[in-house]
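First comes the structure, then the notes that go with it.
Predicted, not measured: the structure shown is a model, and the values here were computed from it. Every number for a ligand or one of its atoms is a count from 1 in the order of the listing.
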Amino acid sequence: MSAIVLDGKHVAQLTEAALTERVAALKAKTNNRTPVLATILVGDDPASATYVKMKGNACRRIGMESKAIELPSTTRTNGLLAEIEALNNDPDVHGILLQHPVPSQIDERAAFDMIALEKDVDGVTCLGFGRMSMGESAYGCATPQGIMRLLDHYEIELSGKHAVVVGRSPILGKPMAMMMLQADATVTICHSRTQGLEEHIKRADVIVGAVGRPEFIRADWIKDGAVVVDAGYHPGGVGDIEMAPLIDRVAAYTPVPGGVGPMTINTLIMQTVESGEKALG
Ligand code: NAP
């Protein structure tokens with residue numbers, strides 16, 4: 001079987017070309033105003049700093065502006081909430097990204113939920129999650145929304161399929177499961193207390209690995225002809241799923257790297273452009 005490679009890098013590049021045109025059109029209409037993404041980085045975690053930098057670079061590539069806010073690692077919840085409130089009230093900011101994770105003394109959930117719904121372009125608020133789950137309009141959480149866009153681009157049918165999502169984090173597994181349910185899949189959510197994980201995975205038509213452990217999901221748990229989505233990325237270029245033995249016997253798979261990763265940032269900037277168009281256009 002020749003599997004479809006769910007090439008996130010390619011889809012992200014196509015989308016960036018279209019977004020560049022949309023930003024240019026908006027500038028022409030608004031006396032040079034562009035959508036603006038505010039990024040908030042709290043503390044000095046090098047991986048988080050790299051992610052924030054990559055997000056700023058993606059904004060620049062499509063001609064859009066970003067505003068970087070860096071707060072010390074000693075920041076407390078109230079201080080962060082005040083920063084977010086100021087950005088909510090700033091008419092020149094159209095999207096807010098709070099880089100996860102924040103230092104442990106901060107109530108991250110309270111901070112996420114401070115973000116105004118119309119600026120929640122990373123899809124992290126409880127309100128946005130609830131609305132999305134109910135089929136109401138809201139920006140989807142960037143990583144799972146990016147996965148949905150990738151599956152849609154390659155015309156992977158989800159309706160009636162059995163999707164197994166391994167992981168239930170607020171930014172990945174949970175919204176992923178709700179999005180697949182919205183797309184009429186029958187969804188099983190697995191987590192660290194799941195019993196018989198292997199048996200659940202063996203029944204998956206679509207499997208999403210969002211565990212955070214290198215090659216934790218073994219290739220021989222996955223049936224022939226499945227669609228395999230790996231959100232993980234670990235040193236050595238492996239994901240959460242043992243992918244190499246699968247590529248000749250599954251229907252489609254995401255490469256690591258170059259599958260899910262590029263779609264996350266791409267979705268964030270796409271949703272910021274949408275928000276900017278609504279506010280300025
Ligand atoms: P997370 O918050 O650590 O959540 C991991 C999930 O895996 C939890 O729900 C946990 O269950 C579950 N889990 C842990 N051990 C398990 C086990 N033995 N059996 C079954 N489930 C188990 O991680 P995350 O933020 O969702 O990230 C997941 C993966 O996606 C990571 O590899 C991360 O690097 C990647 N990621 C990629 C992007 C991207 O842009 N490409 C973005 C975000 C994350 P419990 O809830 O029971 O603890």
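Taking a cut-off of under 4.0 Å to the non-hydrogen atoms of A231, the atoms of ligand 1 that pass are 30 (O), 35 (C), 36 (N), 37 (C), 41 (N). Per-residue contacts place G261 under 4.0 angstrom from the following atoms of ligand 1 (heavy atoms of the residue considered): 41 (N). Taking every heavy atom of R213 and a limit of under 4.0 angstrom, the matching atoms of ligand 1 come to 15 (N), 18 (N). Here is the list of ligand 1 atoms found below 4.0 Å of a heavy atom in D240: 29 (C), 31 (C), 32 (O).
No N or O atom of R193 sits closer than 3.5 Å to an N or O atom of ligand 1.
Of all protein heavy atoms, the one closest to atom 8 (C) of ligand 1 is R168 N, 4.0 Å. Atom 34 (O) of ligand 1 has Y233 N, 4.3 Å as its closest protein atom, hydrogens excluded (heavy atom only). The nearest protein atom to atom 21 (N) of ligand 1, hydrogens excluded, is given as H191 C, 3.1 Å; this is a heavy-atom distance. Here the heavy atom of the protein found nearest to atom 10 (C) of ligand 1 is S192 N, 4.3 Å. Among protein heavy atoms, the minimum distance from atom 2 (O) of ligand 1 is reached at S169 CB, 3.3 Å. The single protein non-hydrogen atom nearest to atom 39 (C) of ligand 1 is T264 OG1, 3.5 Å, given as residue, atom name and distance. The protein non-hydrogen atom at the shortest distance from atom 14 (C) of ligand 1 is V211 CG1, 3.8 Å. In terms of protein heavy-atom proximity, atom 27 (O) of ligand 1 is closest to L172 CD1, 3.9 Å.
For the pair V124/Y139, no side-chain contact is recorded, criterion being any heavy-atom separation below 4.5 Å from C-beta on. Looking at heavy atoms from C-beta onward, V121 lies out of side-chain contact with L97 at the 4.5 angstrom threshold.
Side chain to side chain, D120 and T125 meet the donor-acceptor criterion of an N or O pair below 3.5 Å. Between the side chains of R61 and T20, no donor N or O sits under 3.5 Å from an acceptor N or O. No hydrogens or angles considered: a donor-acceptor pair under 3.5 Å links the side chains of T264 and T143.
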ask   = Between D240 and H234, does a side chain to side chain donor-acceptor pair (under 3.5 Å) hold up when you go through it step by step?
value = CA-CA 8 Å; D240 290 353; H234 305 280; 2.5 Å; yes

query = side chain to side chain donor-acceptor pair (under 3.5 Å) between H162 and T188: does it pass, once the steps are laid out?
reply = CA-CA 8 Å; H162 182 199; T188 299; 2.7 Å; yes

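The CD1 atom of I115 sits 11.5 Å away from the SG atom of C126 when rounded to the nearest 0.5 Å.
Ranked by closest heavy atom to atom 6 (C) of ligand 1, the top entry among P175, A210, G239, G212 is A210.
Residue contact check for ligand 1: G173 places no non-hydrogen atom closer than 4.0 Å to it.
Of the heavy atoms in H100, none comes closer than 4.0 Å to ligand 1. Residue T194 does not touch ligand 1, judged by heavy-atom distances below 4.0 Å.
With hydrogens and angles disregarded, a donor-acceptor distance shorter than 3.5 Å links the side chain of K119 to the backbone of N88. The backbone N or O of K161 sits nowhere less than 3.5 Å from a side-chain atom of D205 that would complete a donor-acceptor pair. The backbone N or O of E136 lies less than 3.5 Å from no partner atom in the side chain of R131, so there is not a single donor-acceptor pair.
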